[in-house]
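As the structure lists them, so they are numbered: ligands from 1, and atoms in each ligand from 1.
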Amino acid sequence: MDGQGMNQTAELIGGAAESPAAAAARLSGGTAGPEALRPLVDQVLAGLGAGALRRGGPIVPGEPAAVAAAVRAALAQAHGPGALGQLTELLAYGAADPADPHCAAHLHCPPLAVAVAADLAVSALNPSQDSWDQAPAATALESELLAELAELVGFHPDRAAGVLTTGGTESNLMGLMLARDQRLGPDVELNGIPAGVRPRVLASEAAHFSVQRAAALLGLGERAVRAVPVDRELRMDPAALADAFAEAGWEGATPVAVVATAGTTDTGAVDPLHAVADLAARHGTWLHVDAAYGGGALFSKRLAPLLDGLDRADSVSLDWHKLGWQPAAAGVFLAREARTYASLARRAVYLNPADDEEAGYPSLLGQSLRTTRRPDAFKLAATLRVLGRDGLGALVDRCHENALRAAAIVRRTPELELHCDPVLTTVVFRYAVADPAESDRRNAELRRHLLRAGRAVVGRTELPGRGPGRVRLKLTLLNPHTTEAELASLLHAVVEAGENA
Ligand SMILES: *Cc1c(COP(=O)(O)O)cnc(C)c1O
């Protein structure tokens, strides 16, 4: 649109002539905000539709260098009022779109339209959760939602404490931080790990890598994390956990935390929570349960029993941008007892002065590692009100059923080999080749082949252990609307790519 056209549009909308520069500098808030947003949102929606149509599949076809060149060209060309629409079209064309049934590699969910619309409200108003006077209603809303989620995991809502996080990585860091400070004393914040203390964090071999990162960041050291062996389904072996505690005893080391995983990233395996909780309790050790993936099962009547024992955790990680269909970020950290949260408390004179708190102004500052923070609670609260817990549970069940269907297709396809029965919504398998090294090469190459062709986005992982023959493919099925025929055509594409790789 040229400058003349923009002026005419502005006249039609606002009545007064407005230069393109002035129009581009309009704000999203206030009573005029919605009208400033409307034509821009229209541009974005048109760009999303056109980009998806041009892509026509689960991922942009071609090599990374070609995608990078297209981005450079678009950035060089797009200028002025239409740039937003042009760049949106490029972003959509160049996407890996989890709403496409053939995009099923990661815990990368297709967000619900209602959650995205709710997030638009958050972006427009831009509340920040670090002080009440930046987010009056959003502060109260986060507290209400956290009480609801505490009850969902089986904590006492009046005793628990928590916060919305960027995801499992941040939540795991927080869990281990509280564990460290409970075990080694509050002084550790000021002075670091006392000399002579050898901390241990016990997590399974299949635990998320963010556990090691958290240990490094917290000064415990990555080597403090001991990988407890898993069974074939990648669940922590409780006998091996008992051995790890015994070994820490002989070494004079201090077990700071046990991390159980409720839904491993790769297979969805759930560690035996009661057995792990029994051992943690016997050794007086903090239990953090990483339910970043499996937490979604709490909404499903059928799958919730898998997480039995979650209420025995001292702290829990949940991620609603996985099995919760929220746009990222929508992580949650919960501690069973608010008093254990003390080590995060901070007084910032410009954010939560004591006299404001005494006067009844609440502050969430001491709940988070972050300062400026989006109200990510809002989209989840809105989703829960629109769909209800049962509505979300039905989506979880559909994805679970799809995993069972895909596993059945793999089982009856001679070229494919299933690793184990799905637990949540993940199917781990491979294109079967007898020679282990050739199997690894072929499975890795077939996946890149599908990416280059823009035909499918399939995950790749490796089973724990050593040596060749451990490469596996995985489908992480998070699209509740995917049909059995679409699953069959996805697996057919894998077989075809395997023959040609
Ligand atoms: C995804 C995942 C994480 C990391 O969460 P982010 O939201 O990506 O930070 C941690 N643990 C498990 C089990 C996960 O699946």
#### Entry: Shortest protein heavy-atom distance from atom 6 (P) of ligand 1, along with the residue and atom involved
Gly168 N, 3.3 Å
### Task
Kindly give the heavy-atom pair with the smallest separation between Arg55 and Ala95, and that separation in Å.
CD-O, 3.4 Å
### Task
Applying side-chain contact (heavy atoms from CB on, under 4.5 Å), run through Leu491 and Val410 and close with a yes or a no.
CA-CA 8 Å; Leu491 287 163; Val410 169; 3.9 Å; yes
### Message
Please list, in number order, the atoms of ligand 1 under 4.0 Å from a heavy atom of Thr265.
### Response
12 (C), 13 (C), 14 (C), 15 (O)
### Query
Do Glu170 and ligand 1 have an N or O pair less than 3.5 Å apart?
no
## Note on the structure
Closest to atom 7 (O) of ligand 1 among protein heavy atoms sits Asp319 OD2, 2.6 Å
### Task
Establish, yes or no, whether a centroid distance under 6.0 Å links the rings of His283 and Phe245.
yes
### Task
Out of His321, His208, His108, indicate the one that has the non-hydrogen atom closest to atom 4 (C) of ligand 1.
His208
### Distance filter under 4.0 Å to Gly263 heavy atoms, resulting ligand 1 atoms
13 (C)
### Task
Provide the number and element of each atom of ligand 1 under 4.0 Å from a heavy atom of Leu107.
15 (O)
### Partner residues of Leu369 under the side-chain contact (heavy atoms from CB on, under 4.5 Å) criterion, sequence neighbours left out
Glu170, Leu173, Met174, Met177, Leu344
### Message
At under 4.0 Å between heavy atoms, is it the side chain or the backbone of Thr264 that contacts ligand 1, or both, or neither?
### Response
neither
### Message
Taking distance alone, with N or O pairs closer than 3.5 Å, would you say Thr169 contacts ligand 1?
### Response
yes
### Task
Determine whether the side chains of Thr261 and His208 contain a donor N or O and an acceptor N or O closer than 3.5 Å.
no
### Query
With Arg411, which residues qualify under salt bridge (Lys or Arg N to Asp or Glu O under 4.0 Å), at least two apart?
Asp421
### Summary
For atom 11 (N) of ligand 1, the closest protein heavy atom turns out to be Asp290 OD2, 2.6 Å
### Message
Between Asn402 and Thr425, does the side-chain contact (heavy atoms from CB on, under 4.5 Å) criterion hold? Intermediate values first, please.
### Response
CA-CA 7 Å; Asn402 269 343; Thr425 69; over 6 Å; no
### Task
Return yes if some donor-acceptor pair links the side-chain N/O of Arg336 with the main-chain N/O of Arg312 below 3.5 Å, else return no.
yes
## Note on the structure
Looking only at protein heavy atoms, what sits closest to atom 14 (C) of ligand 1 is Lys322 NZ, 2.9 Å
